[in-house]
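Notes for the one structure printed next.
Computation of the quantities below employed the complete heavy-atom set of this structure, encompassing side-chain atoms and omitting hydrogens, waters and symmetry-equivalent molecules.
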Amino acid sequence: MKLGRNDPCHCGSGKKYKKCHQREDEQRAREVKSLNTLAEWIEHYGGALESATLERARAEEAVQAAARSWFEGEAPDDPLADAVFRQHALFDMAIAEGQTLVATAEIDSTGTEPALIEKLVEALARSWLSVHEVTECKLGKGLRLVDRLTGRSRWVGDPALAEVLEPMEVVLGRVVLYDKKPMLLGGWEKVYFRGRKKAIADLEGWIAEDGFESDDSDGRILWLRREAARVARRARAATPAA
C-alpha cells in the first residue's frame, strides 16, 4: 500500500513519512524510471545487491582465503574492489548455510516488484565466469557472444555493448540469463587480443584434462564456478607485462 505524506514512515522511526523517507523513496523511484534497458536495470539492482553484501563478505574467512588463492598469496588491501573476484565471492561461493551471499542480500526495491529482485538474485547465483567471444555485432541492437569454454551462444540485446565491442574480441565476464534474456554483467574485461587464442586453448586443455568433454556443458559450468580463479588468472595473463 502506498504511504500517504502524513502516515508513519515505513522505517519505524515514528516520524511522518514526509519528514523521513519520502524524498529518498521518490528519488529512487525516479532513478528506476530512468532505466531504459534491461541491461541498465540489471546494472542498477545488481550493483545494489553487491553493495548490500560487501561488508558481510569482508568479514567471511572463506572469502579472505579465496582472495589469497585468487591473487596467489598477494591479495590487495581490498580484494573485493576487483569486480571479477567480487562477483565470484558473492555469486559462486556457498557461505551462508549453503547459500551464496547474494542470496541473503536485502535491498530497498522501491520502484520495482520484489519478485523481480528475487528473480535477479537467482540469475546472478546461476551465472559463471568464462571467456566469451564476440561473433556478431549490430549497432543499435546488440551482439552475439559465444562462451568459448561451454560452447553456449547467446544474443545479448544491449545496444550500448555493441558500441564498445567488435567481432573477434574476447571478454572475461559473466552472462546473466534473466527472464530468458542474456545480459553481460558489468565488470567484464577485454582479453588481450593477441593472447586470446592461447589463453582459450590453455583453459580448454585444463577442462579436458579434468575429464569434462566439449559436449558436457553442465559439467563445464560446475568446473568454471569452482575454478574461477584459474580462469581469471589465465585470461589476465594473456596481457603481456608492461
Side-chain angles (χ1 to χ4, degrees), residues 10-11 21 24-25 27-29 31-64 66-67 70 79-130 132 145 147 150 152 154 156-158 160-161 171-188 217-218 220-229 231-232:
H10 55 70
C11 72
H21 277 84
E24 183 178 328
D25 289 349
Q27 174 62 29
R28 271 197 295 269
E31 290 174 358
V32 172
K33 287 182 179 179
S34 71
L35 303 175
N36 297 315
T37 67
L38 177 59
E40 291 177 352
W41 188 91
I42 290 176
E43 191 74 11
H44 176 85
Y45 281 109
L49 288 166
E50 289 187 29
S51 297
T53 49
L54 278 179
E55 288 308 312
R56 184 171 181 183
R58 290 190 177 99
E60 289 284 351
E61 174 56 35
V63 172
Q64 297 172 20
W70 188 284
L80 291 167
D82 183 301
V84 177
F85 173 72
R86 179 172 68 248
Q87 291 168 2
H88 169 64
L90 302 184
F91 306 158
D92 295 336
M93 297 178 61
I95 293 176
E97 298 180 353
Q99 290 183 307
T100 59
L101 283 170
V102 73
T104 68
E106 295 183 4
I107 63 171
D108 189 327
S109 60
T110 299
T112 194
E113 291 292 330
L116 299 181
I117 304 299
E118 293 177 9
K119 186 183 294 186
L120 176 58
V121 167
E122 293 172 1
L124 293 172
R126 289 195 305 268
S127 68
W128 62 90
L129 180 69
S130 192
H132 307 268
L145 291 176
D147 185 333
T150 68
R152 297 193 178 191
R154 290 181 171 134
V156 178
D158 183 354
L161 203 57
V171 298
L172 172 70
R174 292 171 179 262
V175 173
V176 176
L177 190 63
Y178 180 86
D179 199 23
K180 298 183 179 180
K181 297 181 179 67
M183 288 291 153
L184 182 63
L185 196 64
W188 55 269
S217 180
D218 291 340
R220 286 180 167 229
I221 290 170
L222 292 175
W223 188 94
L224 289 166
R225 287 197 178 108
R226 186 181 72 239
E227 302 292 343
V231 176

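- Rounded to the nearest 0.5 angstrom, E40 CD and D158 CG are separated by 8.0 Å.
- Side chains of L145 and V175 form a contact here, defined as non-hydrogen atoms less than 4.5 Å apart.
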Please tabulate, for the side chains in residues 46-55, all donor-acceptor contacts under 3.5 angstrom to protein atoms that are two or more places apart in sequence or on a different chain.
from, atom 1, to, atom 2, distance (Å)
E50, OE1, R86, NE, 2.5
E50, OE1, R86, NH2, 3.3
S51, OG, G47, O, 3.0
T53, OG1, L49, O, 3.1
T53, OG1, E50, O, 3.1
E55, OE2, R58, NH1, 2.7

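- With hydrogens and angles left out, the side-chain atoms of D82 and W70 include no donor and acceptor closer than 3.5 Å.
- Counting heavy atoms from C-beta outward, V102 and F91 have side chains that approach closer than 4.5 Å.
- Counting only heavy atoms from C-beta outward, the side chains of L184 and V171 approach each other to under 4.5 Å.
- Looking at every heavy atom in both residues, V63 comes nearest to F85 through O-CZ, 3.7 Å.
- Every residue two or more places apart in sequence or in another chain was checked for a side chain to side chain contact (heavy atoms under 4.5 Å, CB included) with E106, and none qualifies.
- Between A83 and G187, the shortest heavy-atom contact is CB-CA, 3.9 Å.
- The two residues A89 and I95 have their closest heavy-atom pair at O-CD1, 4.4 Å.
- In this structure, CD in E227 is found 11.5 Å from CG in L129, a value given to the nearest 0.5 Å.
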- Query: Stepwise, does the salt bridge (Lys or Arg N to Asp or Glu O under 4.0 Å) test hold for D218 with R152?
  - Reply: CA-CA 11 Å; D218 291 340; R152 297 193 178 191; 3.1 Å; yes
- Item | Residues E60, R56; criterion side chain to side chain contact (heavy atoms under 4.5 Å, CB included); working and verdict | CA-CA 7 Å; E60 289 284 351; R56 184 171 181 183; 3.9 Å; yes
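- For the pair A39 and M183, the tightest heavy-atom approach, listed with the atom from each and the gap, is CB-SD, 3.8 Å.
- Of all the heavy atoms in D92 and A228, the pair that sits closest is OD2-CB, 4.3 Å.
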- Task: Could you give me the CA-CA distance, side-chain angles and deciding distance for Y45 and L116, then say whether side chain to side chain contact (heavy atoms under 4.5 Å, CB included) is met?
- Result: CA-CA 10 Å; Y45 281 109; L116 299 181; over 6 Å; no
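- Side chain of H132 to main chain of G173: a donor-acceptor pair is present (N/O by atom type, distance under 3.5 Å, no hydrogens or angles).
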N/O donor to acceptor pairs below 3.5 angstrom from side-chain atoms of residues 119-127, sequence neighbours left out:
from, atom 1, to, atom 2, distance (Å)
S127, OG, L124, O, 2.6
S127, OG, R174, NH1, 2.9

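- Here the closest heavy-atom approach between residue S130 and residue V231 is recorded as CA-CG1, 4.4 Å.
- L90 contributes atom CG, which lies 8.5 Å from atom OG1 of T100 (distance to the nearest 0.5 angstrom).
- By the 4.5 Å heavy-atom criterion applied to side chains, T150 and W223 are not counted as neighbours.
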